[in-house]
Colleague: 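The structure follows.
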Amino acid sequence: MVSKLQTPLTVTAYKSDVHNDWCPGCGDFGILQAIQQSCAELALPPWETMVFAGIGCSGKVFNYMASHGVHTLHGRVLPFAVGAKIANPDLEVVAVGGDGDGYGIGAGHFVHAGRRNVDMAYIVMTNEVYGLTKGQASPTLGRGQQTKSLPLPNTNDAIQPLALALSSGYTWIGRSYAFDGRHLKEMIKKAIEHKGMALLDVLQPCPTFNDLHTAEWFNKKVKVEGETNMVSRIFNVNEVGHDGSVKDPTNLDEVTDKQKKAFEMAHHHGERIPVGVFYEIKLPTYTERMQAQAPMLKKYSPARIPYEDASHLPTTDLSKTYEEFLF
Amino acid sequence: MKVVNEVNWMIGGPQGTGVDSSANLFSQACASAGLWVFGKREYHSNIKGKHSYFQVRVSDKPIHSHVDDVHILATFEDSTARLHAHEVVKGGALIYDPTKITLDDLNLKSGVITLPIDFNSVIRHVAEVTGMEYGTLSLMKNTIAVAASMALLRMDISNMEETLARMYTGRKAKLVAPNVAASKKAYEAVDALPDEMHDQFPYHLEPQKNTPKRLLINGAQANSLGKLKAGCRYQTYYPISPATDESNFLESHPEYGIAVVQCEDEIAAIDMALGAATTGVRASTATSGPGFCLMAEGLGWGGMNEVPIVLFDYQRGGPSTGLPTRHEQGDLMFAAFGGHGEYPRLVMAPATINDHFHLAFESFNYADKFQTPVIILNDKFLTHSLETISPFKENSLVIDRGRLATQPELEAAIADGKGFPRFRPDPKTVLSPRPYPGQEGSPYWMTGDEHDDYGHITENPENRRKMHEKRMAKYRLMLEQIPEDRQFSFHGDPNADITLVCWGSTFGALEDALPLLKERGINANFLHLRMLNPFPISAEKFLRKAKKLVMVENNWGTQLGHLIRMSTGIFIPAQIVKYTGRPMSLNEILDSVEKIHKKQVAPEMDPLTGQSIEKVVLTYGL
Ligand SMILES: Cc1ncc(C[n+]2csc(CCOP(=O)(O)OP(=O)(O)O)c2C)c(N)n1
Ligand code: SF4
Ligand SMILES: [Mg+2]
């Protein structure tokens with residue numbers, strides 16, 4: 001069990017004194033701020049919190065946190081984070097990374113993290129580019145689109161991460177926007193609090209390389225069919241009647257229905273972009289599944305099983321297993 | 001001439017027909033009789049149908065290698081008889097099914113005793129007696145072959161029932177009774193053969209009285225037990241032969257609480273183990289060549305972040321998919337140098353099955369002590385070889401978690417407010433204290449980028465120099481702190497004429513070879529390197545003193561030979577190598593050493609060095 005501080009700390013307690021070198025106006029600032037606020041509001045002990053990050057501009061988050069911060073390898077943030085959480089479920093583990101990191105080079109891990117339902121949150125900073133390598137197309141950039149550094153328009157179709165997460169078994173799926181601080185913070189808190197694997201995809205303006213989808217573009221009002229007034233581009237699905245939360249996981253009709261609706265929402269076409277909680281279900285976590293098979297793990301996490309005595313002699317008694325081999 | 005308590009028994013058959021179980025059965029019967037066993041398994045990368053065989057050598061003295069001469073070949077179908085009949089020595093015996101094979105088709109030596117057994121009629125008989133269906137009993141051919149062999153060897157089968165009951169448990173328990181019936185029938189049939197026949201067959205196995213209990217165990221099992229004893233509680237893997245057996249074994253023992261995670265690929269396997277290790281758990285991964293290659297980037301991260309992690313590479317024939325189920329010692333160079341940039345990694349290889357336990361245990365201490373990845377080079381040969389060994393000596397085992405953060409250090413970090421100086425080199429010991437997440441005052445940063453004392457990214461050249469030197473200094477620490485007898489061992493007469501140099505699993509054949517070479521008038525000794533990277537430089541004195549050095553390696557280019565040249569300047573032109581995917585047998589070692597000793601090897605040019613070399617390429621074995 002992850003513990004909570006009796007006396008919550010202020011946001012500053014989650015900020016390291018490392019100089020931040022993101023470009024001015026980068027959406028990552030908003031995301032970092034919201035992560036730090038969430039940690040403070042959830043009263044997480046910084047020494048029991050591990051923030052794992054991928055490689056990219058987004059990956060620098062690890063260094064700006066005053067919790068444990070782990071900068072992993074490009075595309076590999078999930079295996080590292082999952083490894084830590086399985087080893088010690090008492091730690092609060094949060095994974096963050098770029099859209100290239102998570103949906104491109106790390107796509108295989110992305111899928112399999114869903115199947116395991118490890119109890120952690122994964123926050124992806126979706127800017128449609130590979131920021132740190134100077135703006136190549138990331139897997140979320142649409143076909144035919146040409147951001148600033150692309151010599152030619154993009155030849156690949158974009159993947160739909162929320163739909164991919166749904167097919168992969170993520171048990172909490174949501175989206176938010178980097179500069180909607182309040183919504184973002186609430187969504188991060190929900191993702192962290194959810195018992196199971198949560199994906200929060202965050203739309204993140206990259207003012208340096210993504211000249212198509214800038215903060216202004218996201219903020220622009222758009223015209224939609226059937227509405228007389230212009231409406232905001234970003235809309236919260238949970239405010240327009242979408243309830244993606246499965247009430248009874250054993251009711252397969254309900255599960256299928258909620259998945260269908262979430263899938264449709266994930267593939268929302270047109271000018272407007274949905275944010276909010278798309279899907280949510282309560283299923284046994286990886287740790288619970290392991291505990292069912294190995295009762296020892298109910299008592300101790302793998303990282304805390306005793307195996308030496310005070311004088312460092314090993315205490316694991318193999319005699320029962322030796323019997324299999326003794327003749 | 002009666003040969004007592006020394007036999008090499010072979011059984012073969014299509015994969016999936018129970019060859020392994022019968023070899024286990026025979027080995028267990030011999031082990032129960034207090035005899036020493038060494039069994040070698042060969043099989044194809046195939047699930048059903050292709051030829052596989054198992055050789056079990058038995059003796060009343062400890063043995064650590066396999067031999068080529070076959071004394072009993074037990075077969076129940078045609079291919080094994082056809083493929084191996086020529087290996088049976090004069091005076092040896094062939095057990096065969098006359099409904100499947102005509103002896104004329106076989107390349108048998110003269111003087112081989114042939115013993116026809118109609119396997120199907122035995123099974124039919126048992127089916128009738130037990131009322132079981134014939135089809136469900138077809139795998140019993142193996143038991144029949146074993147029982148017939150035991151009758152021939154004049155062994156007692158009174159404990160057969162016990163052995164079978166140990167083998168067939170759970171859902172398979174119903175197989176015990178018919179197997180017992182079949183073994184009795186087969187045993188009686190052979191036993192009833194005329195004395196003249198029995199007198200012709202000189203090989204007998206006699207039970208040894210009052211022998212202490214021994215383990216009958218293979219390398220993968222011994223390795224797993226060493227890991228459990230060391231406190232390893234996190235294992236990741238992606239299925240690959242021959243590494244999977246270890247993870248399977250660990251997973252089938254949930255009572256120890258070890259988390260065994262089957263990953264989506266080997267990249268995830270190494271990275272998940274690294275992530276786990278950051279929490280303080282003793283973590284490891286097991287793989288084989290192709291997976292090992294995928295782990296190169298992750299290992300470098302472990303080196304950069306000073307994470308204790310142990311990677312077990314179960315070597316098999318490479319490159320690429322290579323020979324998936326066959327043996328090779330081909331990954332040494334990759335283990336020592338694979339990956340970009342420089343970081344310290346300790347590379348070691350176990351000598352024997354017993355050593356699998358001890359090295360697996362030690363490896364976690366080394367990883368913690370030097371705070372860096374440790375790579376253990378296991379191999380297919382010993383992974384799947386079955387040996388009787390004395391129970392592991394546990395009394396000298398001590399857990400060493402290395403330099404962990406102390407309470408005052410954690411408090412100082414809280415007071416300081418800058419985080420824990422996890423990477424600050426200690427002026428005396430080089431190494432830095434390691435806190436665990438969860439300890440108040442523990443937070444620090446980890447990154448594959450170059451970093452400062454706290455783990456913050458910096459490209460400052462002075463810091464780079466400091467940190468790079470700190471990490472690389474661990475090579476010196478390894479040389480200084482790993483006891484010499486754990487780094488290498490020297491065996492035999494120090495003044496011998498020939499010094500064989502080897503690493504890993506060739507140990508057993510060389511150990512068994514020394515006295516036999518002496519019988520052939522050759523005085524040889526051998527140097528076995530257990531630590532391979534950093535190079536155990538104190539072993540150099542043995543190389544310098546040697547009259548004639550001979551490399552013995554299961555690869556093409558003598559990879560250890562090159563490491564020796566790199567580290568000492570000593571070039572070893574005499575080489576015994578094998579790269580057919582099969583391990584070196586005792587016979588092969590004896591003959592090739594003799595050839596080199598008698599200067600019967602024609603010199604050739606080594607394309608890697610331009611030097612003249614005397615190279616014996618071994619080829620025996622199917
Ligand atoms: C194995 C590997 N390949 C390539 C790179 C180079 N690289 C660094 S960051 C990056 C892309 C980052 O894009 P994204 O994940 O979207 O993060 P962003 O910078 O946009 O936040 C690449 C390709 C690397 N570090 N490692
Ligand atoms: S390149 Fe883009 S994503 Fe990277 S820091 Fe600059 S604005 Fe942010
Ligand atoms: Mg990106």
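On a predicted model such as this, the values are computed, not experimentally measured, just so you know. Chain letters run A, B, ... following the sequence lines, proteins first, then strands; residues in each count from 1.
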Colleague: Please look at B/Ile270 and chain A and tell me whether the side chain, the backbone, both or neither of the residue comes under 4.5 angstrom of a heavy atom of that chain.
Modeller: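 Contact with chain A: none, neither part.
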
Colleague: Looking only at side chains, do A/Asp101 and A/His74 share a donor and an acceptor under 3.5 Å apart?
Modeller: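 Yes, side-chain donor-acceptor contact under 3.5 Å.
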
Colleague: Under 4.5 Å heavy-atom distance to chain B, tell me which part of A/Leu318 shows up: side chain, backbone, both or neither.
Modeller: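 Contact with chain B involves both backbone and side-chain atoms of A/Leu318.
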
Colleague: Could B/Glu264 and A/Arg115 be called an ion pair, given the rule that one side-chain N must be under 4.0 Å from one carboxylate O?
Modeller: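 Salt bridge between B/Glu264 and A/Arg115, a charged N being under 4.0 Å from a carboxylate O: no.
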
Colleague: Aromatic rings B/Phe249 and A/Phe325: how do their planes relate, parallel, tilted or perpendicular, breaks at 30° and 60°?
Modeller: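 B/Phe249 vs A/Phe325 ring planes: tilted.
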
Colleague: Are B/Gln439 and B/Gln407 close enough that a side-chain donor and a side-chain acceptor fall under 3.5 Å?
Modeller: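 B/Gln407 and B/Gln439 do not have a side-chain donor-acceptor pair below 3.5 Å.
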
Colleague: Count the heavy-atom pairs under 4.5 Å between each of B/Gly438, B/Ala268, B/Gly417 and chain A, then report the option with the highest count.
Modeller: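 Answer, by heavy-atom pair count under 4.5 Å with chain A: B/Gly438.
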
Colleague: For residues B/Thr458 and B/His451, is any side-chain donor paired with an opposing acceptor at under 3.5 Å?
Modeller: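 No donor-acceptor contact under 3.5 Å links the two side chains.
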
Colleague: Of the backbone (N, CA, C, O) and the side chain (C-beta and beyond), which part of B/Asn395 lies under 4.5 Å from a heavy atom of chain A, both, or neither?
Modeller: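 Contact with chain A: none, neither part.
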
Colleague: Given a strict heavy-atom distance threshold of 4.5 Å, which part of B/Ala273 is in contact with chain A: side chain, backbone, both, or neither?
Modeller: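 Contact with chain A is absent: no heavy atom of B/Ala273 under 4.5 Å.
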
Colleague: Return yes if a side-chain donor-acceptor contact under 3.5 Å exists between A/Tyr14 and A/Ser38, otherwise no.
Modeller: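 No pair is found: no donor N or O on one side chain lies under 3.5 Å from an acceptor on the other.
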
Colleague: Side chain, backbone, both or neither: which part of A/Asp90 has an atom under 4.5 Å from a heavy atom of chain B?
Modeller: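 Contact with chain B is absent: no heavy atom of A/Asp90 under 4.5 Å.
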
Colleague: Given a strict heavy-atom distance threshold of 4.5 Å, which part of B/Phe420 is in contact with chain A: side chain, backbone, both, or neither?
Modeller: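 B/Phe420 has no heavy atom closer than 4.5 Å to chain A.
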
Colleague: What option among A/Val111, A/Leu78, A/Thr315, A/Thr72 has the most heavy-atom pairs under 4.5 Å with chain B?
Modeller: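 Heavy-atom pairs under 4.5 Å are most numerous for A/Thr72.
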
Colleague: Check B/Arg403 with B/Glu409, please: is the shortest side-chain N to carboxylate O separation under 4.0 Å?
Modeller: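 Result for this pair is yes, salt bridge flagged.
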
Colleague: Given a strict heavy-atom distance threshold of 4.5 Å, which part of B/Tyr454 is in contact with chain A: side chain, backbone, both, or neither?
Modeller: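 Nothing of B/Tyr454, per the 4.5 Å heavy-atom cut-off to chain A.
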
Colleague: Does a sphere of radius 6.0 Å around OH in B/Tyr238 hold more than 12 heavy atoms from other residues, nucleotides or ligands, not counting ones at 6.0 Å or beyond?
Modeller: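 Counting other residues, nucleotides and ligands, OH of B/Tyr238 stays at 12 neighbours or fewer.
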
Colleague: Using a 4.5 angstrom heavy-atom cutoff, name the option from A/Lys60, A/Glu48, A/His109, A/His112 with the most pairs to chain B.
Modeller: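 Option with the top pair count is A/His109.
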
Colleague: Is it the backbone or the side chain of B/Gln262 that comes under 4.5 Å from a heavy atom of chain A, or both, or neither?
Modeller: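 Only the backbone of B/Gln262 comes within 4.5 Å of chain A.
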
Colleague: Who wins among A/Met65, A/Met296, A/Lys85, A/Arg304 for the most heavy-atom pairs under 4.5 Å with chain B?
Modeller: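 If we count pairs closer than 4.5 Å to chain B, A/Met296 comes out on top.
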
Colleague: May I ask you to name which of A/Phe62, A/Trp47, A/Tyr307, A/Phe52 has the most heavy-atom pairs under 4.5 Å with chain B?
Modeller: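 Of the candidates given, the most pairs with chain B belong to A/Trp47.
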
Colleague: Check this for me: does any side-chain nitrogen of one of A/Arg76 and B/Glu266 sit under 4.0 Å from a carboxylate oxygen of the other?
Modeller: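 Not counted as a salt bridge, because no side-chain N and carboxylate O are separated by less than 4.0 Å.
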
Colleague: Below 4.5 Å from any heavy atom of chain A, which atoms of B/Ala269 appear? Answer side chain, backbone, both or neither.
Modeller: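 The answer is neither part of B/Ala269.
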
Colleague: In terms of heavy-atom pairs under 4.5 Å, which option from A/Leu91, A/Thr316, A/Val82, A/Asn63 contacts chain B the most?
Modeller: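 Result: the option with the highest number of such pairs is A/Asn63.
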
Colleague: Looking at B/Ile258, B/Asn305, B/Asp265, B/Asp400, which has the largest count of heavy-atom pairs under 4.5 Å with chain A?
Modeller: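 Counting heavy-atom pairs under 4.5 Å, the top option is B/Asp265.
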
Colleague: Heavy-atom pairs under 4.5 Å with chain A: which of B/Lys418, B/Glu440, B/Glu394 has the most?
Modeller: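 Heavy-atom pair counts peak at B/Glu440.
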
Colleague: Heavy-atom distance under 4.5 Å to chain A: side chain of B/Tyr444, backbone, both or neither?
Modeller: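 Both backbone and side chain.
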
Colleague: Heavy-atom distance under 4.5 Å between the side chains of B/Asp368 and B/Arg434, does that happen here?
Modeller: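 Touching, per the 4.5 Å side-chain cut-off.
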
Colleague: Taking side chain as everything from C-beta outward and backbone as N, CA, C, O, which of these in A/Glu323 sits under 4.5 Å from a heavy atom of chain B? Side chain, backbone, both or neither.
Modeller: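 Just its backbone gets close to chain B.
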
Colleague: Relative to A/Phe327, does B/Arg166 satisfy both conditions: NZ or CZ under 6.0 angstrom from the six-membered ring centre, and within 45 degrees of the ring's axis?
Modeller: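 Satisfied, under 6.0 Å and within 45°.
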
Colleague: Between B/His253 and chain A, which part of the residue has a heavy atom less than 4.5 Å away: side chain, backbone, both or neither?
Modeller: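 For B/His253, the side chain is the part near chain A, not the backbone.
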
Colleague: Name the option with the most non-hydrogen atom pairs under 4.5 Å to chain B; the candidates are A/Asp309, A/Val93, A/Ile55, A/Ile86.
Modeller: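 Of the options given, most contacts go to A/Ile86.
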
